[in-house]
Amino acid sequence: MAEIARAGDSSRILAFHICDWLSDLRDPLNDRGLMGEGCIDLKSISQAVDEAGFQGAREVEVFSDRLWSMDQDAYLERIVDAYLAM
């Protein structure tokens with residue numbers, strides 16, 4: 001959290017990429033989770049990014065064969081719901 005604050009103090013946060021890390025990971029690249037599905041404390045990280053003054057782009061970046069294979073409209077709805085619950 002200190003490094004996030006330090007980066008914010010010097011305006012070095014350019015974007016915020018968001019996904020979650022699954023505990024039962026099947027593939028280290030293409031088995032990431034939506035926000036809230038894994039073990040990363042995204043609420044605290046997001047709060048620290050906000051407190052650092054970042055107001056730029058937040059990109060949901062989920063590499064997941066499992067999620068990519070589902071209906072993409074349903075997947076987008078899950079992304080929005082997970083982001084708003086963060």
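Computed from a predicted model, the values in this text were never measured in an experiment.
- Distance CG/L22 to SG/C39: 8.0 Å, rounded to 0.5 Å.
- Listed by first and then second residue, the salt bridge (charged side-chain N to carboxylate O under 4.0 Å, His left out) pairs that reach into residues 44-57 are D50-R58, sequence neighbours excluded.
- In plain terms, the two heavy atoms of G36 and D20 that are nearest each other are N-OD2, 3.0 Å.
- Atom CZ of R6 sits in a sparse spot, with 12 or fewer heavy atoms from other residues, nucleotides or ligands closer than 6.0 Å.
- Annotation for I13 and A52: closest pair CD1-CB, 4.1 Å, computed over non-hydrogen atoms.
- The minimum heavy-atom distance linking W21 with I40 is given by the pair N-CD1, 3.6 Å.
- Looking only at distances, a side-chain donor or acceptor of Q72 sits under 3.5 Å from a matching main-chain atom of M70.
- The backbone N or O of R66 lies less than 3.5 Å from a partner atom in the side chain of S69, making a donor-acceptor pair.
- Side-chain contact between M35 and C19 is absent, with no heavy-atom pair separated by less than 4.5 Å.
- Remark: E59 engages no residue in a salt bridge (charged side-chain N to carboxylate O under 4.0 Å, His left out) (not counting sequence neighbours).
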Review item, side-chain donor-acceptor pairs of residues 77-86, under 3.5 Å, at least two apart:
from: R78; atom 1: NH2; to: E37; atom 2: OE2; distance (Å): 2.7

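- Here I18 contributes atom CD1 and L34 contributes atom CG; the two are 11.0 Å apart, rounded to the nearest 0.5 Å.
- Under the 3.5 Å distance criterion, the side-chain polar atoms of D31 are matched with a main-chain donor or acceptor of R26.
- Atoms CZ and CG, from F63 and N30 in turn, are 7.5 Å apart once rounded to the nearest 0.5 Å.
- Contact between V62 and W68 at its shortest, heavy atoms only, is O-NE1, 3.4 Å.
- Residues S44 and D41 come closest through the heavy atom pair OG-OD2, 2.7 Å.
- Distance check, rounded to the nearest 0.5 Å: OG of S46 to CZ of F54 gives 10.0 Å.
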Output, in order, the C-alpha distance, side-chain angles, deciding distance and verdict of side chain to side chain contact (heavy atoms under 4.5 Å, CB included) for F16 and I45. CA-CA 10 Å; F16 182 24; I45 294 170; 4.0 Å; yes

